[in-house]
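Quick notes on the structure that follows.
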Amino acid sequence: MAINITLPPNLQDKIHTDADAIKAASTDYGHIITQNPAAVLFPSSMEDLRTLIGFSFNSSVPYTVAAKGQAHSVHGEAMATNGVVVEMTSLSRNGSNRIVIGGDKASGFYADVGGEQLWIDVLNETLQKGLTPVSWTDYLYLTVGGTLSNAGISGQTHIKGPQINNVYELDVVTGKGELVTCSKQANSELFYAVLGGLGQFGIITRARIVLEQAKTKVRWFRMLYTDFNTFSKDQEKVMEVNESGSGEIPNFLEGQLLMDPNSLDFYPPEDRPRIASLVKQYGILYVLEIASYYDDRTKHSVNKKLHQLFKSLSCLPNIYSKNVTYVEFLDRVHTDELVLRKKGLWEVPHPWLNLFIPKSGIQAFNNGVFKNILLKRNFTKSIVLVYPMYRNKWDDNMSAVIPDEEIFYTAGFLHSSGFNNWQVFDNINKEILEFCDKAGIKVKKYLGYQDKKEKWINHFGSKWKTFQDMKAQFDPKMILSPGQKIFN
């Protein structure tokens with residue numbers, strides 16, 4: 001049931017309450033939750049955001065506000081039931097350039113980027129100057145503000161840290177309607193709170209992103225394993241090579257499960273029958289995925305270092321590779337998206353589960369989850385990612401929560417379902433979490449929702465009091481990001 005709320009009269013021309021605007025703001029990538037806002041704001045300036053939030057803050061009956069970028073959440077995190085959803089991408093529709101590159105070789109390059117900007121646009125703009133951000137997500141059609149509100153992880157995280165660790169400065173509109181510039185040096189409490197803060201303390205309107213010199217080409221490899229222990233040891237060996245000062249070769253490290261003998265597009269046609277046979281024999285093949293960036297000047301030294309690395313690994317004999325451009329590699333998921341869109345398989349429910357798992361529990365996790373839940377129940381069509389990272393590449397002052405051990409793994413269960421059977425996958429996710437709980441594996445959800453406040457308190461652990469204090473300081477009326485259901 002919609003509730004009438006009093007909105008700023010000077011924003012009436014930018015506030016939409018029509019059915020189309022409400023419908024677009026009532027769903028997300030998950031296609032599981034539907035929650036209608038009372039109104040949608042299409043801002044054209046920071047002042048619009050300050051006005052909207054400030055009006056609510058000063059009202060006797062505040063309304064909630066949710067910033068929506070690409071709404072790539074899966075459980076309604078970008079929604080505001082009976083509140084106002086802000087269509088952040090509207091900020092760049094007036095033609096103004098919201099990606100500005102600055103700095104120099106001596107002090108370092110950076111890009112000042114609007115929070116509503118897509119990472120793909122940041123990539124394309126910076127490459128024109130021969131530069132690139134250093135840390136990525138696997139999918140680039142996400143907003144800068146959105147990923148920085150979570151963490152932003154990918155195969156570079158074990159070297160460069162998550163995206164939140166590669167930011168110099170932010171402009172943030174707080175829950176009081178104040179526009180604040182913050183960094184590690186100035187207004188540091190807000191800076192640390194907002195990064196990984198799930199939108200609870202402010203809306204990111206600008207981020208100053210770390211840049212480095214860009215390479216132009218990528219050698220992209222996949223190696224197969226039948227044994228998880230050997231696979232995970234080799235993943236950690238690749239991380240160690242990076243830590244030992246090899247010049248970041250390889251630049252990218254991930255891994256995934258190969259359980260579907262029909263999902264072999266990466267591999268040469270003549271090898272697919274043999275790989276399919278191995279999948280049928282073992283149930284799961286573990287795929288170690290690495291990539292190295294190079295250009296004509298560094299090509300031979302990169303090949304030499306990769307050759308040395310491969311000699312130390314214990315994968316199955318064939319190593320599969322592709323040579324692609326830097327953009328093709330970073331934008332690889334978008335290629336898959338276009339195929340799925342053509343088949344009508346993109347705008348479907350996505351009951352995803354993303355976890356951080358301490359290294360001490362990863363072997364038990366393989367046996368209990370990959371083998372005894374996914375394989376036994378024949379949940380073999382989902383994309384399942386698994387790869388390690390270092391705790392010391394994260395800044396513990398930030399709001400993002402990770403396991404206590406120095407090495408931990410991420411596991412992403414990227415399910416797609418029909419509209420009538422997403423609960424089946426959701427139940428599998430619950431079973432995975434129950435297994436971890438019973439086995440004493442202290443996992444942390446990434447991008448995950450919690451259905452009770454007690455679970456949020458448990459999730460944040462030792463950070464909960466700080467998180468609460470920051471909420472009281474920067475959003476005391478609990479206006480922002482109600483869809484996370486942490487305080488609302």
Side-chain angles (χ1 to χ4, degrees), residues 5-17 21-22 24-25 37-59 61-71 73 77-100 112-118 142-150 167 169-182 187 190-191 193-195 197-208 470-471 473-484 488:
I5 58 176
T6 305
L7 294 163
N10 54 337
L11 289 180
Q12 287 307 322
D13 59 330
K14 297 172 184 177
I15 289 175
H16 293 227
T17 55
I22 297 295
V40 183
L41 174 70
F42 290 81
S44 58
S45 68
M46 298 310 104
E47 200 52 44
D48 293 344
L49 281 176
R50 291 184 64 189
T51 300
L52 178 77
I53 297 170
F55 190 89
S56 177
F57 180 72
N58 291 310
S59 168
V61 186
Y63 47 81
T64 57
V65 176
K68 173 177 171 269
Q70 294 297 93
S73 55
E77 290 88 341
M79 298 176 199
T81 308
N82 294 317
V84 181
V85 168
V86 180
E87 284 285 357
M88 292 295 290
T89 52
S90 177
L91 285 167
S92 55
R93 282 180 193 154
N94 59 5
S96 62
N97 187 3
R98 299 261 298 153
I99 304 172
V100 180
D112 278 324
V113 178
E116 80 288 349
Q117 294 291 318
L118 301 184
L142 303 173
T143 61
V144 168
T147 67
L148 295 181
S149 296
N150 289 282
V167 182
E169 188 178 272
L170 299 170
D171 283 346
V172 175
V173 179
T174 71
K176 298 176 181 178
E178 299 168 344
L179 179 61
V180 181
T181 299
C182 56
N187 300 306
L190 181 61
F191 180 77
V194 166
L195 292 169
L198 306 176
Q200 292 302 305
F201 315 107
I203 295 175
I204 297 170
T205 60
R206 177 187 64 92
R208 181 165 286 185
M470 293 301 99
K471 187 70 169 176
Q473 185 173 338
F474 298 113
D475 184 23
K477 294 196 176 178
M478 301 182 187
I479 289 167
L480 298 175
S481 202
Q484 295 283 359
N488 301 69

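Only heavy atoms go into these numbers, but all of them, side chains included; no hydrogens, no water, no symmetry mates. Counting begins at 1 with the first residue of the sequence.
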V180, N187, I53, I203 screened by side chain to side chain contact (heavy atoms under 4.5 Å, CB included) with T174, the one that passes: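 Answer after filtering V180, N187, I53, I203: V180.
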Do [X] and [Y] have side-chain heavy atoms sitting under 4.5 Å apart?
X: V84; Y: I15; answer: no
X: L91; Y: M46; answer: yes
X: T143; Y: L118; answer: yes
X: C182; Y: V172; answer: yes

Separation of [Y] [atom2] from [X] [atom1] (nearest 0.5 Å):
X: T51; Y: L7; atom1: OG1; atom2: CG; answer: 12.0 Å
X: L190; Y: Q473; atom1: CG; atom2: CD; answer: 8.0 Å
X: L195; Y: N150; atom1: CG; atom2: CG; answer: 11.0 Å

Partner residues of F201 under the ring-ring contact (aromatic ring centres under 6.0 Å, His included) criterion, sequence neighbours left out: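 Testing F201 for ring-ring contact (aromatic ring centres under 6.0 Å, His included), a comparison that skips the adjacent residues, returns F467.
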ring-ring contact (aromatic ring centres under 6.0 Å, His included) partners of F474, counting only residues at least two apart: none
Which residues share a salt bridge (charged side-chain N to carboxylate O under 4.0 Å, His left out) with E77, sequence neighbours left out: none
Salt bridge (charged side-chain N to carboxylate O under 4.0 Å, His left out) partners for E178, two or more places apart: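 Expected list: none.
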Considering residues at least two apart in sequence or located in another chain, which fulfil the side-chain hydrogen bond (donor to acceptor under 3.5 Å, both in side chains) criterion with [X]?
X: T147; answer: W119, Q163
X: T81; answer: Q35
X: Q484; answer: none

Whether the side chain of [X] engages the backbone of [Y] through a donor-acceptor N/O pair (distance < 3.5 Å, no angle test) should be reported.
X: T205; Y: G115; value: no
X: S149; Y: G145; value: yes
X: S92; Y: T89; value: yes
X: Y63; Y: F55; value: no

Which heavy-atom pair separates [X] from [Y] by the least distance, and what is that distance?
X: A207; Y: V144; answer: CB-CG1, 4.0 Å
X: Q12; Y: P8; answer: NE2-O, 3.4 Å
X: S44; Y: K14; answer: OG-NZ, 2.8 Å
X: K68; Y: A78; answer: CB-O, 4.3 Å
X: M79; Y: A25; answer: CG-O, 4.0 Å

Output all residues satisfying side chain to side chain contact (heavy atoms under 4.5 Å, CB included) with [X], sequence neighbours left out; order by chain, then residue number.
X: T181; result: E169, D171, R206
X: I22; result: N36, P37, V40
X: N58; result: none

side-chain contact (heavy atoms from CB on, under 4.5 Å) between N82 and I5, worked out: CA-CA 8 Å; N82 294 317; I5 58 176; 5.7 Å; no
Side-chain donor-acceptor pairs under 3.5 Å in residues 475-482, sequence neighbours left out?
residue, atom, partner, partner atom, Å
D475, OD1, I479, N, 3.0
D475, OD2, K471, NZ, 2.6
D475, OD2, I479, N, 3.1
D475, OD2, L480, N, 2.9
K477, NZ, F57, O, 2.5
S481, OG, L198, O, 3.0

CA sep, side-chain torsions, deciding dist, call: V194, I204, side-chain contact (heavy atoms from CB on, under 4.5 Å): CA-CA 8 Å; V194 166; I204 297 170; 3.5 Å; yes
